[in-house]
There are 2 protein chains.
Amino acid sequence: MTERQLQIIHAALQLFAEDGVDATPTSKIAKTAGVSEGLIFRHFGSKDGLLKAILEYGGERVAAFYAKIANESQPKDILRQIIELPFSIDESEYDFWRLIYTLKWQRRTHLENITEQMLSLSSKAFNDLGYEAPELEAELLLIVLDGVATRALLTESYDMKTQVKNRLLKQYKLD
Amino acid sequence: MTERQLQIIHAALQLFAEDGVDATPTSKIAKTAGVSEGLIFRHFGSKDGLLKAILEYGGERVAAFYAKIANESQPKDILRQIIELPFSIDESEYDFWRLIYTLKWQRRTHLENITEQMLSLSSKAFNDLGYEAPELEAELLLIVLDGVATRALLTESYDMKTQVKNRLLKQYKLD
DNA sequence: CATAAAAGTGAGTAATCACTCACAAATGTA
DNA sequence: TACATTTGTGAGTGATTACTCACTTTTATG
């Protein structure tokens with residue numbers, strides 16, 4: 001990934017997240033990135049190719065996060081890490097996640113598998129901890145975390161973060 | 001609202017929810033609705049005017065729901081009704097809600113006030129029930145319900161609905 | 001240095017977009 | 001019936017879109 005390609009990816013990511021993919025013309029991406037419009041197509045082939053490159057670029061980081069959690073051996077540690085997830089998103093990653101969440105509603109993202117993996121991971125953890133309905137608990141936990149992430153991504157200066165996190169850790173007896 | 005206007009609104013709503021507003025050309029709306037493209041502009045002025053009409057049309061039904069809940073006097077009944085909310089959405093309303101949730105990410109919806117109202121309503125209910133941190137509980141409840149709605153709207157034949165609902169009613173001691 | 005490959009440009013293109021408008025048909029209203 | 005208003009049409013318009021291509025500049029390699 002060259003310097004110029006990253007310039008384009010960052011500009012596109014920002015605009016895609018702000019206005020949506022369809023409402024963002026490639027001319028505007030080029031202008032924001034400070035390159036000619038033709039260069040976008042030389043490097044990424046098409047607008048859709050650029051979108052895919054963005055998703056892959058971000059997907060790698062997501063996979064790394066997952067691997068780290070899956071490495072934990074204690075079920076309590078796994079749950080703690082999973083709960084921490086939406087609270088530990090760096091602000092520099094907000095645009096990426098905003099894009100992911102937007103695409104979810106047009107059914108063209110390729111990150112459902114991560115949700116699936118998180119689901120089975122926490123389901124197993126709940127089971128190990130002796131929960132009666134581990135799958136239901138896992139389902140509910142991920143729903144909550146999805147909601148928290150949504151709230152954090154859409155609310156500027158979301159200051160209830162810490163309280164919400166502590167309340168969740170308390171609910172699952174992880175504090 | 002005439003017959004023809006409703007035809008247009010329904011066609012547009014379906015396409016907006018499926019593909020997104022920006023990816024839906026007015027020509028396709030006209031074709032789906034079985035009317036000429038010009039008629040859309042005669043009735044709604046612009047594509048954005050059509051979108052606003054759709055949101056108003058749906059907003060009335062949402063307001064009615066809210067009024068019904070606000071009418072309850074017992075805090076437990078209020079919470080029960082609020083929890084019921086995402087589970088009682090009729091499938092014929094799915095497109096509307098998919099559109100609302102999509103627009104949320106482009107920050108051009110006008111339904112945040114409803115969330116605000118729900119927040120203060122359940123906050124008051126939690127307070128009446130003697131919860132230690134009623135605002136935090138309200139915040140978390142709405143986050144969960146938002147997540148449930150998201151899951152239900154995006155998952156075809158979402159069969160964990162009843163279990164999730166019962167688990168929530170149990171958690172808040174409403175069963 | 002020479003030369004080939006890669007990176008970068010910007011004017012151009014066909015297609016598509018939201019929207020207009022002159023007109024026709026349908027629906028009042030007396 | 002006569003006439004005005006509303007409803008509906010579809011061809012047309014200028015603007016914008018994603019994308020191409022002939023060309024220039026930069027970089028890599030011997």
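Lettering of chains follows the sequences in order, A, B, ..., and the numbering in each one begins at 1. Side-chain atoms are counted along with the backbone in the values below, which use heavy atoms only and exclude waters and symmetry mates.
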**Complete:** note: A:I29, atom CD1; D:dT17, atom P; distance rounded to Å ~ 11 Å
**Item:** Any B:H43 side-chain N or O less than 4.0 Å from OP1/OP2 of D:dG8
**Value:** yes
**Message:** If the cut-off is 4.0 Å, is B:T26 near the phosphate of C:dA18, judged by side-chain N/O to OP1 or OP2?
**Reply:** yes
**Nearest-Å distance for atom pair CD/C1', residues A:E3 and C:dA6** = 17 Å
**Message:** Using the side-chain heavy atoms of B:S27, tell me which of these nucleotides is nearest: C:dG8, D:dA18, C:dC17.
**Reply:** C:dC17
**Prompt:** For the side chain of A:F41, counting heavy atoms from C-beta on, which of C:dC19, D:dT9, D:dC19 is nearest?
**Reply:** D:dC19
**Message:** Just so I know, are the side chains of A:F16 and A:T102 near enough to count as touching, which here means a heavy-atom distance under 4.5 Å?
**Reply:** no
**Request:** Measure from CG on B:L39 to P on C:dC19 and round the result to the nearest Å.
**Result:** 15 Å
**Item:** Test item: side-chain donor near acceptor, B:D90 and B:S92, under 3.5 Å
**Value:** yes
**Prompt:** Whole-Å distance between C:dC19 C1' and B:D48 CG?
**Reply:** 14 Å
**Asked** Is the A:Y57-A:F96 ring centre distance short of 6.0 angstrom?
**Response** no
**Side-chain donor-acceptor pair present, A:S123, A:E135, cut-off under 3.5 Å** = no
**Request:** Give the rounded distance in Å between these two atoms: NZ of B:K28 and P of C:dA15.
**Result:** 19 Å
**Message:** Using the side-chain heavy atoms of B:S36, tell me which of these nucleotides is nearest: D:dC19, D:dT9, C:dC17.
**Reply:** D:dT9
**Request:** Measure from CD on A:E37 to P on C:dG12 and round the result to the nearest Å.
**Result:** 15 Å
**Message:** So B:T2, base contact, sugar-phosphate only, or nothing? Heavy-atom distance under 4.0 Å.
**Reply:** nothing
**Request:** Could you state the atom-to-atom distance from CZ of B:F44 to P of D:dT7 in whole Å?
**Result:** 12 Å
**Nearest to side-chain heavy atoms of B:K47, which nucleotide of D:dA18, C:dA18, D:dG8** = C:dA18
**Request:** Look at the side chain of B:V35 and decide which nucleotide, out of C:dC19, D:dC19, D:dT9, has an atom nearest to it.
**Result:** D:dT9
**Asked** Do we see a donor-acceptor contact under 3.5 Å between the side chains of B:Q163 and B:R167?
**Response** no
**Request:** Taking only the side-chain heavy atoms of A:R4 (C-beta and beyond), determine which of D:dT17, C:dA18, C:dT9 contains the nearest atom.
**Result:** C:dT9
**Item:** Euclidean distance, atom CD of residue B:Q5 to atom P of D:dT6 [Å, nearest integer]
**Value:** 14 Å
**Asked** Where the side chain of A:R42 is defined as all heavy atoms beyond and including C-beta, which of C:dC19, C:dG8, D:dT9 is the nearest nucleotide?
**Response** C:dG8
